[in-house]
Amino acid sequence: MTSHSISKNIFFKLGLLLLIVCTFSCKQENKKKETATTEVKEASSKPNIVVIYLDDLGYGDISANGATEISTPNIDKLAHGGVRFTNGYATSATCTPSRYGILTGVYPWRNKDAQILPGTAPLIISTEQTTVPKMLKQQGYTTGIVGKWHLGLGTGHVNWNERVSPGPNEVGFDYSYIMAATQDRVPTVYIKDGHVDGLDPNDPIEVDYAQNYEGQPTGKDNPELLKMKWHHGHNNSIVNGIPRIGFMKGGETAKWKDVDMADHFLEKAKDYVKNHKKEPFFLYYALQQPHVPRTPHPRFVGASGMGPRGDVILEADWVIGEFIKTLEDEKILENTLIVFTSDNGPVLNDGYFDDAEEKVGNHTPTGGLRGGKYSLFDAGTHVPFITYWKGTITPSVSDALVCQVDLLNSLAKLAGSDITTSDSEELIDVLLGKSKIGRTNLILEAGQKTALRSGDWILIPPYKGNPINTQVNIELGIADTYQLYNLKTDRKQETNLAASNPEKLKEMIATYEELRGETTIEIKELELK
């Protein structure tokens, strides 16, 4: 064989080898692309999840649930385009316990610290505990909270001038932009990922719930400085002319402007959506309305004719409309499951003179249910509850019994997670309107006192204490004997059937004791301060 032939043969073999390598590489690259495409498809197939959580909104406060004196068109769009539940419940008749239940999938009465917290309380969710955002993070979701927290921060000795930890970021939220407690409690500042937003290090914040700081005016001692008059409890530090619960000094540049709060949180929620629209996200959007102090933006002052409480409900409805427009504009509304609900039932005068009682007129915030916030009667925990997913949920009205504690197991099923808690029930088909078979039994709580809803029946065990809290003028559901009501025939809980139906009473007591178990928690009289 000539040297020329040998050279041709070598080049041929090298070319063939190169062709084989290139073909293999191309196949590998195509396989990678196919895998990446599959992963993208799988990621996009997971819906975004948004929980819109209002504060003290009653079952009857939205027109979709029958309100005639107030109109909530944007909330109604969710109700008429999704599933409107007639038997949707919070876990508790007050805010901190309900927020604990919705995020952990655990009944709040199991945690003795799940009670109305001061702004200086330590975090009551264990950093080792299962939470909705933790579970969703494991399934590829980014997670965010915007709005009210009120589940404690730190370990009980918070330095507000450094990073406050543990908090939302330590229990599953990648991003948090919150108020520490409530709008009527100090500190009156926003906290972003543990840091007070806008804090001047030369003007450090000090917070105390027991003792005022020298030279600091209070609502009790300086009524001439007030723009809003306190009724009970709210007579400590003054911020923006509003007396608060607790004492605060410093942090002037970081203090919020109450009238801008709804707009401020809305912008943060919209930004979160825009920044995470290309990946599945979970957003817990906790609005402050219609909790006190009710401070509508000037755009909404007088809009309802019912005073500030009605005005902030209209403001909240507008905010929700603007938020939904953002989902539409970013072309992700059809891939977003929205859960709309409230942390507990309504209250009119909750610490300030703001004409809530005087101007309520024919409006019934409870929707005809008995009780209200703080109450074991049905209006305490029976709240607006709507699920909406454009193009996926067929509009309907459901009488199924559902509870916020069920979101963890239900969303886990939706996201493909096998994480569950024992108190949460997997009801994703019910939430999506594919089934109307909800819970059978549900333990409800108010001030660590508990009751049982089972089917159409409610059992309230005997408790000591005052039956009515006169400060807020709400029946608490307290009596020294068992109370038994059939909500199907007696929605207003006017007829106690405990004496006339002993067999049902016995059955309900047995179920209650089986589910509730023993408790060693000391039950105290409700004290609002």
Side-chain angles (χ1 to χ4, degrees), residues 59 85-93 97-98 101-102 105-110 341 344-345 366-371 375-385 397-410 420-427 429-431 435-463 475-519 523:
Y59 183 84
F85 288 93
T86 63
N87 285 303
Y89 282 80
T91 53
S92 174
S98 286
I102 197 171
V106 175
Y107 281 135
W109 47 264
R110 296 193 188 278
T341 186
N344 49 250
T366 65
L369 305 176
R370 189 174 180 181
S375 179
L376 280 172
F377 283 130
D378 206 32
T381 49
H382 192 157
V383 292
F385 201 122
V397 177
S398 176
D399 296 330
L401 180 60
V402 295
C403 181
Q404 293 164 11
V405 77
D406 300 325
L407 286 186
L408 193 143
N409 285 14
S410 301
T420 60
T421 64
S422 58
D423 291 333
S424 184
E425 292 196 12
E426 190 276 287
L427 299 175
D429 283 347
V430 180
L431 297 180
S435 169
K436 292 194 175 183
I437 302 174
R439 278 177 164 266
T440 301
N441 301 308
L442 176 63
I443 299 289
L444 300 166
E445 185 263 354
Q448 297 287 309
K449 303 175 183 70
T450 50
L452 168 69
R453 168 129 192 204
S454 182
D456 294 324
W457 294 82
I458 280 189
L459 171 77
I460 304 176
Y463 290 104
E475 292 182 287
L476 301 179
I478 294 173
D480 56 9
T481 58
Y482 279 101
Q483 298 176 75
L484 180 67
Y485 301 97
N486 187 322
L487 293 181
K488 189 171 185 178
T489 59
D490 182 21
R491 187 170 177 270
K492 295 182 179 181
Q493 294 177 284
E494 293 176 322
T495 306
N496 181 4
L497 300 175
S500 61
N501 198 334
E503 290 187 5
K504 188 65 181 180
L505 176 64
K506 183 179 179 181
E507 174 194 324
M508 292 284 286
I509 292 173
T511 301
Y512 173 79
E513 291 178 347
E514 178 185 356
L515 296 175
R516 180 65 172 87
E518 293 292 326
T519 177
I523 297 173

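Given the structure is predicted, the values throughout are model-derived calculations rather than measurements. Counting begins at 1 with the first residue of the sequence.
Counting heavy atoms from C-beta outward, L376 and Q483 have side chains that stay 4.5 Å or more apart. In this structure, T381 and R453 have side chains that are not in contact, with every pair of non-hydrogen atoms separated by 4.5 Å or more. When side chains are defined from C-beta on, L497 does not count as touching Y485, because their heavy atoms never get closer than 4.5 Å. Residues V430 and E425 form no side-chain contact, since every pair of their non-hydrogen atoms from C-beta on lies 4.5 Å or further apart. For the pair Y59/T86, a side-chain contact is recorded, criterion being any heavy-atom separation below 4.5 Å from C-beta on. Within the 4.5 Å cutoff, no side-chain heavy atoms of L452 are placed close to those of L444. For the pair L505/I509, a side-chain contact is recorded, criterion being any heavy-atom separation below 4.5 Å from C-beta on.
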Report task. Dump the intermediate steps for side chain to side chain donor-acceptor pair (under 3.5 Å) on D406 and Y89, then the final yes or no. Result -> CA-CA 10 Å; D406 300 325; Y89 282 80; over 6 Å; no

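Under the side chain to side chain donor-acceptor pair (under 3.5 Å) criterion, E445 pairs with S92, not counting sequence neighbours. Residues that satisfy the ring-ring contact (aromatic ring centres under 6.0 Å, His included) test with F377, not counting sequence neighbours, are absent from this structure. Under the salt bridge (Lys or Arg N to Asp or Glu O under 4.0 Å) criterion, R370 pairs with E475, sequence neighbours left out. Residues that satisfy the side chain to side chain donor-acceptor pair (under 3.5 Å) test with D429, not counting sequence neighbours, are absent from this structure. Applying the ring-ring contact (aromatic ring centres under 6.0 Å, His included) rule to F85 yields the partners F385; only residues at least two apart in sequence or on another chain are considered.
Put simply, OG1 on T91 and CG on N344 are 9.5 Å apart, with the number rounded to the nearest 0.5 Å. With rounding to the nearest 0.5 angstrom, the CD1 atom of I458 is 4.0 Å from the CG atom of D378. Rounding to the nearest 0.5 Å gives a distance of 10.5 Å between SG of C403 and CD1 of I443. Taken from CD in E426 to CG in L408, the straight-line distance is 11.5 Å, to the nearest 0.5 Å. Atom CG of N87 and atom NE2 of H382 lie 5.0 Å apart (nearest 0.5 Å). Atom OG1 of T495 is separated from atom CG of L484 by 11.0 Å, given to the nearest 0.5 angstrom.
Judged by distance alone, the side chain of S410 and the main-chain N or O of L427 form a donor-acceptor pair under 3.5 Å. Formation of a donor-acceptor pair under 3.5 Å by the N496 side chain with backbone atoms of Y482 is found in this model. Here the side chain of N409 pairs a donor or acceptor atom with the backbone of T421 at under 3.5 angstrom. Side-chain atoms of D423 come within 3.5 Å of backbone N or O of Y107 as a donor-acceptor pair. Proximity of a side-chain donor or acceptor of K449 to a complementary backbone N or O of P462 within less than 3.5 Å is not detected.
A salt bridge (Lys or Arg N to Asp or Glu O under 4.0 Å) check over residues 487-506, counting only residues at least two apart or in different chains, returns the pairs K504-E507.
Under 3.5 Å, the side chains of S454 and Y512 contain no donor-acceptor pair of N or O atoms.
The minimum heavy-atom distance between L407 and S424, with the atom names listed, is N-OG, 4.1 Å. Here the shortest heavy-atom pairing between A451 and P461 reads CA-CD, 4.1 Å. P108 and P97 make their closest contact through CB-O, 3.4 Å (heavy atoms, listed as atom of the first residue, atom of the second, distance).
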